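Worksheet for the structure shown next.
Values below: every heavy atom of this structure, side chains too, minus hydrogens, waters and symmetry copies. Everything quoted here is computed from the prediction, not taken from an experiment.
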Amino acid sequence: MAELPKRYDPKAVEPKWYQRWIDNRDFVANAKSSKPPFSIVMPPPNVTGVLTLGHVLNNTIQDILARRARMQGFEVLWLPGMDHAGIGTQTAVEKYLRRTENKTRHDLGREEFLQRVLEWQDKHGGIIIEQLKRLGCSCDWTRQRYTLDHAYAAAVKKAFVDLYQRGLIYRGRRMINWDPAAQTALSDEEIVSKPQKGNLYFVRYEIVEEPGRFLEVATTRPETIMADTAMAFHPSDKRYADLLGKHAWRPLAREKIPIIADDAIDPEFGTGVLKVTPAHDVVDFEIGQRHNLPIIDVLHLDGRINCPAVPELNGLDRFEAREKAAQLLQARGALAKMEPYENNVGFSDRSDVPIEPRISEQWFLRYPKTKEALAVVRDHLIRFFPVHWEKVYAQWLENIRDWCISRQVWWGHRIPAWYAKSQIPSSKSQIYVGVAPPNDPENWVQDADTLDTWFSSWLWAYETMDQETRKKFYPTSVLVTAADIIFFWVARMVIAGLEFEPGKSSTTEDNIPFHHVFFTSIVRDQQGRKMSKSLGNSPDPLELIDKYGADGLRFGLMRIAPTGQDIRFDEKQIEEGRNFATKLWNAARFRQMHGPSDPAPKIDTQALSIFAVEVLARLNETIDAVETAYREYQFNIVAQRLYDFVWSDYCDWFVEAAKTDIFGEDDAKKKSALAVMDFVLSAISRLLHPFMPHLTEELWFLLGFGKASIQFAAPPQKVGLGEVEDIPGKRQLVLAVYQTVQAGRNLRAESNLPPNRKIRFILRAESKAIFNQIPTLTRFLNAEEVELNPKYQAAAGTPVAITPLGEIFMAIDAADKARERERLDREIAKIENDLQTVEGKLQNSSFTDRAPAAVVEEHRRRLADFTAQLGK
RNA sequence: GGGCGGUUAGCUCAGUGGUAGAGCAUCUCGUUUACACCGAGAGGGUCGGGGGUUCGAAACCCUCACCGCCCACCA
């Protein structure tokens with residue numbers, strides 16, 4: 001076997017193994033296998049997405065789970081795929097068209113536009129899948145799916161038709177969230193509220209029946225006054241009680257409107273009077289319904305004012321119109337005052353513009369099975385990790401409202417509904433809903449809208465599987481996702497599973513989409529901001545892979561990913577991951593320099609050195625700790641325990657201690673030490689394989705453990721140390737030796753003796769057991785000799801430390817003392833010189849960087865320090 | 001307004017009743033044949049504030065402050 005290079009080279013190793021795994025079809029799931037199933041469906045990234053650190057985290061976790069399950073003997077399915085991302089993709093293409101051709105989608109028309117999207121998708125789509133392969137993801141690529149696949153699209157249509165026939169999907173004219181930029185309806189979940197600075201306008205409405213008397217109202221939206229159809233106050237509000245039933249003059253688009261009383265009004269806010277604008281506000285709409293008020297819509301779809309009656313405002317953008325309306329009111333004496341005001345405004349998550357509540361004819365889903373969905377999580381048929389997300393989930397389901405599923409977007413699943421041509425555009429038109437067009441298509445026209453992307457994703461847990469696959473692998477074992485899509489996706493998938501019952505029986509257990517949900521952290525930058533493309537604060541994972549290797553990136557990221565908290569990303573952590581890979585590599589390299597490893601390492605418990613007992617006991621503890629942490633999805637703890645075991649327990653202590661035997665004359669001892677190394681290296685390779693698949697496979701191969709890939713090697717079992725005598729005694733002795741080593745090293749450092757200088761130590765103790773450990777102590781301390789002398793009488797001033805083994809003395813000879821003196825003299829001379837320079841500069845006042853007094857002070861202090869040492 | 005997290009060394013984080021920890025960073029020393037992507041040593045924290053429970057609190061309870069997230073129709 002050729003000697004390994006000093007450094008592990010991921011660039012050479014990682015692609016090689018990945019290709020081999022693919023060629024061997026190692027990731028392909030066999031639905032006919034007799035092994036127990038383990039399955040994960042990948043949260044489908046957007047088709048035109050590129051890899052972010054969030055994806056790296058999420059998919060590394062899934063890969064760890066998949067690889068671990070494979071080693072444990074499960075038949076593993078990790079099903080990958082992509083999402084068409086309706087609005088997102090369409091917006092990207094529209095932006096591109098505007099930039100390059102200065103055209104809108106309407107200029108091109110639906111057919112042509114969709115053609116362009118397909119071209120865009122061919123060019124930019126699927127990149128992320130290739131990037132996931134660089135990361136080492138062990139997905140079954142033969143089963144890769146897309147939310148627009150033919151079969152998948154058919155399933156989406158069928159789900160729509162089924163729910164329509166069950167009366168759960170309906171078309172209705174209702175208040176929805178309108179995105180004036182994307183010009184589509186959105187669901188409640190796609191709205192984020194943000195505090196907005198604006199003004200509170202106090203507007204005076206004259207009472208029709210009592211000219212000269214005014215009703216004052218506080219509003220943030222004077223541009224919608226033309227759409228007011230009533231004034232309202234709280235029924236118990238005595239200030240206005242006498243006005244009930246009377247009328248007010250609407251100051252813009254002057255008109256009489258009724259004055260009403262409604263419980264929804266807060267008497268404490270503003271003047272206690274609300275202008276009721278049913279077309280442009282959710283609460284107002286409800287009030288309007290209760291009082292049978294007319295609905296006047298004064299906005300175009302793009303957010304411009306649509307009100308020819310007020311030409312000054314007509315056609316203006318809503319925000320310009322707001323200021324203009326205030327000016328108009330002022331000019332007419334209808335504006336009492338204006339106050340700066342901050343309130344929460346709903347923004348489109350997609351376009352980042354304020355949404356416009358608006359009455360619109362849309363398709364809605366009345367969620368089925370909400371109680372059941374609540375129950376399966378409450379009763380832990382589905383378990384959440386961390387558990388506190390259960391509460392968030394429950395809160396949403398308990399306050400659930402119908403889901404607006406239609407989008408005025410072209411890219412996506414077109415709604416399988418047709419309207420009788422003869423009756424268009426009446427909203428009462430006869431509707432045909434079916435998976436196939438009507439038999440007489442010439443008489444019908446299909447609904448122009450598409451479905452919310454999530455209306456296709458919510459079937460992802462099972463529509464990605466064929467019947468045979470589903471029978472074996474559904475429900476899936478675990479879902480790994482970020483908590484920000486708990487409503488969008490997680491909750492809806494639960495509902496879909498319970499409603500459509502894709503499982504092998506109709507029991508709840510067979511139909512939930514997953515047994516566990518693990519919510520990952522969110523990756524943030526060092527200022528705590530969420531990583532995002534627009535901020536440009538997200539490092540390119542591929543560059544990190546180039547720099548540190550996929551395994552280094554994976555391990556580094558996992559070690560800092562706490563459960564239930566966000567990650568503060570720091571590239572340093574990834575560097576540590578890379579360093580750890582190199583450390584492990586070198587540990588293996590050291591073993592390999594002493595001859596070939598045993599392909600199936602076994603432990604002869606009778607031959608073990610005390611240090612071997614210690615490291616094996618620690619290995620057992622590590623195996624236990626790792627197992628426990630996995631059960632709670634605490635990947636950071638798994639990573640940290642393995643890191644500590646490899647670096648500290650194995651490399652720093654055991655390997656160093658074992659060198660006594662390895663470089664010694666006793667063949668039996670040497671053999672035993674090497675066997676323990678083989679055993680431990682084999683174990684840690686397997687323990688680390690889920691985190692660092694490429695490196696561990698390479699080591700597995702180079703060290704010759706097992707004939708087959710490490711991917712299917714069984715996880716290491718704890719070593720049976722039962723036959724070893726007096727384990728606690730041995731371990732205690734090892735700890736005592738290690739503590740003595742630390743004490744000795746400390747003596748050396750305190751006396752400023754370089755680590756490489758051979759010196760003599762005297763251990764004042766008497767014990768046969770200690771006598772056997774003297775060579776190892778000598779090695780650890782890099783000593784010329786460690787003398788065991790129970791009667792040692794030290795000269796005054798000999799450095800000494802107390803250890804569990806006894807007192808350890810360090811013998812310094814005259815030469816050492818002389819050299820130390822020389823060193824101190826040199827230091828003093830240097831500082832005196834510096835001090836002179838500083839004081840010189842001080843006089844020329846040529847100081848720029850630091851406070852000169854502080855520098856002088858520091859030098860004086862160091863000088864005193866060294867002089868004191870010299871005195872000793 | 002309600003809910004949920006968090007506040008421990010300069011930084012990132014462990015630590016759920018018993019002597020405050022790790023890695024990185026800092027400082028000192030070192031190329032002693034696995035590894036300088038390394039080794040050895042050192043310094044550094046009144047565990048956000050206040051109160052309580054307890055023989056004993058970073059941890060349990062109360063309260064306050066600050067940071068972050070989610071939900072909610074105060075115009």
Side-chain angles (χ1 to χ4, degrees), chain A residues 3-4 6-8 175 188-189 192-193 200-201 217-221 224 232 264-277 281-287 341 343-344 346 357 386 388-392 394-396 398-399 483-484 486-487 522 524 526 528-530 548-549 552 556 559-562 564-570 572-573 575-594 634 636-637 640-641 643-644 647-648 651-652 655-656 659 663 741-742 744-758 779-782 823:
Chain A
E3 191 173 309
L4 306 184
K6 267 191 177 185
R7 283 193 189 168
Y8 167 63
M175 203 78 192
D188 296 340
E189 287 70 32
V192 288
S193 74
L200 199 53
Y201 302 86
V217 64
T219 179
T220 53
R221 301 202 64 186
T224 62
I265 286 84
D266 175 3
E268 305 291 314
F269 185 89
T271 59
V273 181
L274 177 72
K275 67 184 205 58
V276 186
T277 319
D281 186 278
V282 180
V283 179
D284 293 15
F285 174 74
E286 287 164 6
I287 297 173
Y341 186 65
N343 64 339
N344 281 325
H388 70 252
W389 291 108
E390 284 181 6
K391 208 160 182 172
V392 176
Q395 202 175 27
W396 183 74
E398 282 160 3
N399 299 294
D484 55 0
I486 186 169
F487 311 137
I522 289 172
R524 297 180 180 278
Q526 283 180 75
R529 301 173 304 180
K530 203 166 160 176
Y548 305 110
R559 202 156 72 95
I560 56 165
Q565 280 176 63
D566 294 347
I567 298 177
R568 212 49 85 87
F569 181 79
D570 185 344
K572 278 253 164 19
Q573 314 276 3
E575 197 180 324
E576 282 180 49
R578 188 270 316 266
N579 294 353
F580 181 59
T582 308
K583 185 72 182 180
L584 180 60
W585 178 258
N586 275 294
R589 195 164 150 261
F590 176 76
R591 169 62 190 89
Q592 183 254 10
M593 289 167 81
H594 296 94
Q634 293 173 323
N636 57 330
I637 293 178
Q640 187 60 42
R641 288 296 300 227
Y643 182 96
D644 289 342
W647 207 302
S648 174
C651 291
D652 288 348
V655 171
E656 291 307 316
K659 281 178 180 172
F663 295 124
V741 168
Q742 286 176 318
R745 283 169 172 172
N746 178 262
L747 289 182
R748 178 199 285 273
E750 292 287 300
S751 302
N752 280 313
L753 294 179
N756 64 349
R757 165 107 186 109
K758 295 267 181 191
R779 167 174 297 281
F780 268 119
L781 289 171
N782 195 35
R823 192 183 70 85

Among the nucleotides [options], which one has an atom lying closest to any side-chain atom of [X]?
{"X": "A:H388", "options": "B:C4, B:C74, B:A34", "result": "B:C4"}
{"X": "A:K572", "options": "B:A25, B:A75, B:G39", "result": "B:A25"}
{"X": "A:Q395", "options": "B:A22, B:C37, B:G2", "result": "B:G2"}
{"X": "A:W647", "options": "B:G23, B:G39, B:A34", "result": "B:G39"}
{"X": "A:N343", "options": "B:A75, B:A72, B:G23", "result": "B:A75"}
{"X": "A:R745", "options": "B:A34, B:A75, B:G41", "result": "B:G41"}
{"X": "A:F487", "options": "B:U12, B:A34, B:C71", "result": "B:C71"}
{"X": "A:T219", "options": "B:A22, B:G5, B:A75", "result": "B:A75"}
{"X": "A:K391", "options": "B:G41, B:A34, B:C4", "result": "B:C4"}

Interatomic distance at [atom1], [N] relative to [M], whole Å:
{"N": "B:A36", "M": "B:C24", "atom1": "P", "result": "16 Å"}
{"N": "B:A58", "M": "B:U16", "atom1": "P", "result": "14 Å"}
{"N": "B:U8", "M": "B:G1", "atom1": "P", "result": "27 Å"}
{"N": "B:G45", "M": "B:A20", "atom1": "P", "result": "14 Å"}
{"N": "B:G15", "M": "B:U7", "atom1": "P", "result": "10 Å"}
{"N": "B:A9", "M": "B:A42", "atom1": "C1'", "result": "14 Å"}
{"N": "B:G41", "M": "B:C47", "atom1": "C1'", "result": "26 Å"}
{"N": "B:C66", "M": "B:G50", "atom1": "C1'", "result": "15 Å"}

query = How are the rings of A:F663 and A:F590 set to each other: parallel, tilted or perpendicular (split at 30° and 60°)?
reply = perpendicular
ask   = Can you say whether the rings of A:F487 and A:W396 are parallel (under 30°), tilted (30 to 60°) or perpendicular (over 60°)?
value = parallel
Separation of [X] atom [atom1] from [N] atom [atom2], in whole Å?
{"X": "A:L584", "N": "B:C37", "atom1": "CG", "atom2": "P", "answer": "17 Å"}
{"X": "A:I567", "N": "B:C24", "atom1": "CD1", "atom2": "P", "answer": "19 Å"}
{"X": "A:I265", "N": "B:A75", "atom1": "CD1", "atom2": "P", "answer": "13 Å"}
{"X": "A:D281", "N": "B:C74", "atom1": "CG", "atom2": "P", "answer": "10 Å"}
{"X": "A:D652", "N": "B:A22", "atom1": "CG", "atom2": "C1'", "answer": "13 Å"}
{"X": "A:N586", "N": "B:U33", "atom1": "CG", "atom2": "C1'", "answer": "12 Å"}
{"X": "A:M593", "N": "B:C35", "atom1": "CE", "atom2": "C1'", "answer": "10 Å"}
{"X": "A:N579", "N": "B:U12", "atom1": "CG", "atom2": "P", "answer": "20 Å"}

task = Go through the side-chain N and O atoms of A:D644 and A:Q640 and say whether any donor and acceptor fall under 3.5 Å apart.
result = yes
request  = Determine, step by step, whether A:R221 and A:T277 satisfy the side-chain contact (heavy atoms from CB on, under 4.5 Å) criterion, reporting the C-alpha distance in whole Å, the side-chain angles of both residues, the deciding distance to 0.1 Å, and the verdict.
outcome  = CA-CA 10 Å; A:R221 301 202 64 186; A:T277 319; over 6 Å; no
remark   = Taken in chain and number order and not counting sequence neighbours, the residues that satisfy salt bridge (Lys or Arg N to Asp or Glu O under 4.0 Å) with A:E390 are none
Mind checking if [X] touches a base, just sugar-phosphate, or nothing, with heavy atoms under 4.0 Å?
{"X": "A:R559", "answer": "sugar-phosphate"}
{"X": "A:N782", "answer": "base"}
{"X": "A:E656", "answer": "base"}
{"X": "A:Q742", "answer": "sugar-phosphate"}

For [N], the Watson-Crick or wobble partner whose two distances fall under 3.5 Å:
{"N": "B:A9", "result": "none"}
{"N": "B:G39", "result": "B:C29"}
{"N": "B:A57", "result": "none"}
{"N": "B:A72", "result": "none"}
{"N": "B:G48", "result": "B:C64"}

ask   = If you look at every heavy atom in A:L200 and A:A218, which pair is closest and at what distance?
value = CG-CB, 4.0 Å
query = Can you find a side chain N or O atom of A:Y341 that sits less than 4.0 Å from OP1 or OP2 on B:A75?
reply = yes
ask   = Between B:A34 and A:K659, is there an OP1 or OP2 to side-chain N/O distance shorter than 4.0 Å?
value = yes
ask   = When the nearest nucleotide of RNA chain B is assigned to A:V273 and to A:T582 on a heavy-atom basis, which residue is associated with the more 5' position?
value = A:T582
message = If you assign each of A:Y8 and A:G270 to its closest nucleotide in RNA chain B, which residue comes earlier from the 5' end?
response = A:Y8
Kindly indicate whether the side chain of [X] and the base of [N] share any N or O donor-acceptor pair separated by less than 3.5 Å?
{"X": "A:Q634", "N": "B:A14", "result": "no"}
{"X": "A:K583", "N": "B:C35", "result": "yes"}
{"X": "A:D570", "N": "B:U12", "result": "no"}
{"X": "A:R578", "N": "B:C37", "result": "yes"}

message = Quick one, A:I287 with A:D281, criterion side-chain contact (heavy atoms from CB on, under 4.5 Å). Give me CA distance, side-chain angles, the key distance, then yes/no.
response = CA-CA 10 Å; A:I287 297 173; A:D281 186 278; over 6 Å; no
key: Validation row: A:K659, A:E656 side chains within 4.5 angstrom (heavy atoms)   = yes
request  = Answer yes or no: are there more than 12 heavy-atom neighbours, outside A:K572 itself, under 6.0 Å from its atom NZ?
outcome  = no
